[in-house]
Protein chains: 2
Amino acid sequence: MAKDYSLQHVSVSLSPQERFDEYLQSRAMRNTQQRRTVLEHVFSHHDHFDVETLIEQLPDKGEANYVSRPTVYRTLTEFVDAGLLRKFELGGRAIYEHDYGYPEHDHMVCNQCNQFFEFHSDEINNIRESVAQDYRFRVTGHRLLIFGICSDCAQPRRQKRKQDLI
Amino acid sequence: MAKDYSLQHVSVSLSPQERFDEYLQSRAMRNTQQRRTVLEHVFSHHDHFDVETLIEQLPDKGEANYVSRPTVYRTLTEFVDAGLLRKFELGGRAIYEHDYGYPEHDHMVCNQCNQFFEFHSDEINNIRESVAQDYRFRVTGHRLLIFGICSDCAQPRRQKRKQDLI
DNA sequence: ATCATTGCAAAAGATTTGCAAGGTC
DNA sequence: GACCTTGCAAATCTTTTGCAATGAT
């Protein structure tokens, strides 16, 4: 149901891993197993996720490549800093999504199933520009969420189960 | 610095107090001192606020008309429910603003001083409509935040102090 | 008098931090 | 070996909840 962005990916020369390596080196930070584990998992598929969900999917305590909760938090912050991920808040929690190499977009959120749907709109840039001019505001970014009911949930028959309150 | 909406206020027949009275009566809820205290304070001026700030401004424990923290939270939820306030999240906290009798608008937020600036854009509705059509999504609302640096903060000289991270 | 509401204390949920032990360069 | 990182435990911050006492109708 989400739009296919595969043909409009922003062209990038480095993989997320390579890009992160650069970031680490430029700051004299170390390439640890934990950082590799999280990075690999996060970029193995495109999805929005919260920390709880991510931790559930990573190896449990006792298993190989376990990453503790504080380290997951610390690492996600680094990814945002490195420009790999974007972060926003919804329902009292942080939501992360791919940024590096991924085209600009905004989100619809279904109030029923809490799923995200991405869309792109050029008009947002018009709004940003005109508002910036009116207020002599130097825009650095924006966040638009459109709330409502998705088409699946609008059909009472084959109703989808409510997703965990993302 | 915020746009003057005084001439475009949505016309309403009831004051927030009256409107809330209706809400209470329709639900067999009671008109308590605490609810009156919070309502009166919140609608004594137009401003965005978080719970902490509100509580600081309300009477302290021991003083007349003290309202406990849990009751403030409970009451704000009721105001949102009653259509008096809108709630959104920023910086890991809830921010509230007037809704009842106040025209639709969105916000710019200065990354430096954390101040809010309101603006109105009809184009948002175009975006909402066109996206809704594309995805057969039934839109119920939206939230747009534009981030950047406000004109005051952009001037290095008379720099404003950084506001508490609202 | 009935029953909603309050304040208190405590819980809950998300995220952060101090610090000693361990890992990377 | 130097020093960045990690995991643990505990703290922090925001918000919520159980419950007995209080107050509105």
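Naming convention: chains lettered A, B, ... in sequence-line order (proteins, then strands); numbering from 1 in each chain.
- The nearest whole Å value for the distance from the CZ atom in F88(B) to the C1' atom in dT14(D) is 17 Å.
- Not counting sequence neighbours, the partners of R128(A) by the side-chain contact (heavy atoms from CB on, under 4.5 Å) test are I124(A), N125(A), V139(A), H142(A), I146(B).
- Among residues two or more places apart in sequence or in another chain, the side-chain hydrogen bond (donor to acceptor under 3.5 Å, both in side chains) test is passed with R35(A) by E78(A).
- Looking at residues two or more places apart in sequence or on another chain, you find no side-chain hydrogen bond (donor to acceptor under 3.5 Å, both in side chains) involving E89(A).
- With sequence neighbours excluded, the residues forming a side-chain hydrogen bond (donor to acceptor under 3.5 Å, both in side chains) with D81(A) are Y23(A), R27(A), listed by chain and number.
- F79(A) pairs by the ring pair (Phe, Tyr, Trp, His ring centres under 6.0 Å) definition with F20(A), not counting sequence neighbours.
- With sequence neighbours excluded, no residue satisfies side-chain hydrogen bond (donor to acceptor under 3.5 Å, both in side chains) with R138(A).
- Boundaries of the chain B contact region on DNA chain C are dC3(C) to dA9(C), first to last in 5' to 3' order (nucleotide atom under 4.0 Å from a heavy atom).
- Among residues two or more places apart in sequence or in another chain, the salt bridge (charged side-chain N to carboxylate O under 4.0 Å, His left out) test is passed with D47(A) by none.
- Remark: L54(B) pairs with V38(B), H41(B), V42(B), F49(B), L58(B), V72(B), L76(B) by the side-chain contact (heavy atoms from CB on, under 4.5 Å) rule, at least two apart or across chains.
- Less than 4.0 Å separates DNA chain D from at least one heavy atom of each of the following residues of residues 61-72 of chain B: R69(B), P70(B).
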Counting only pairs under 3.5 Å, give me each side-chain donor-acceptor contact of residues 59-67 of chain B, with atom names and distances, residues two or more places apart or in other chains.
residue : atom : partner : partner atom : Å
E63(B)  : OE1  : D60(B)  : N            : 3.2
N65(B)  : OD1  : Q33(B)  : NE2          : 3.2

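- Residue Y73(B) places no side-chain N or O under 4.0 Å from the OP1 or OP2 atom of dT16(D).
- Under a 3.5 Å cut-off, the side chain of H98(B) and the backbone N or O of P103(B) do not form any donor-acceptor pair.
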Summary of protein contacts for nucleotides 19-25 of chain D, nucleotide by nucleotide, where a base hit scores B, a sugar-phosphate-only hit scores S (4.0 Å, heavy atoms)
----BBS

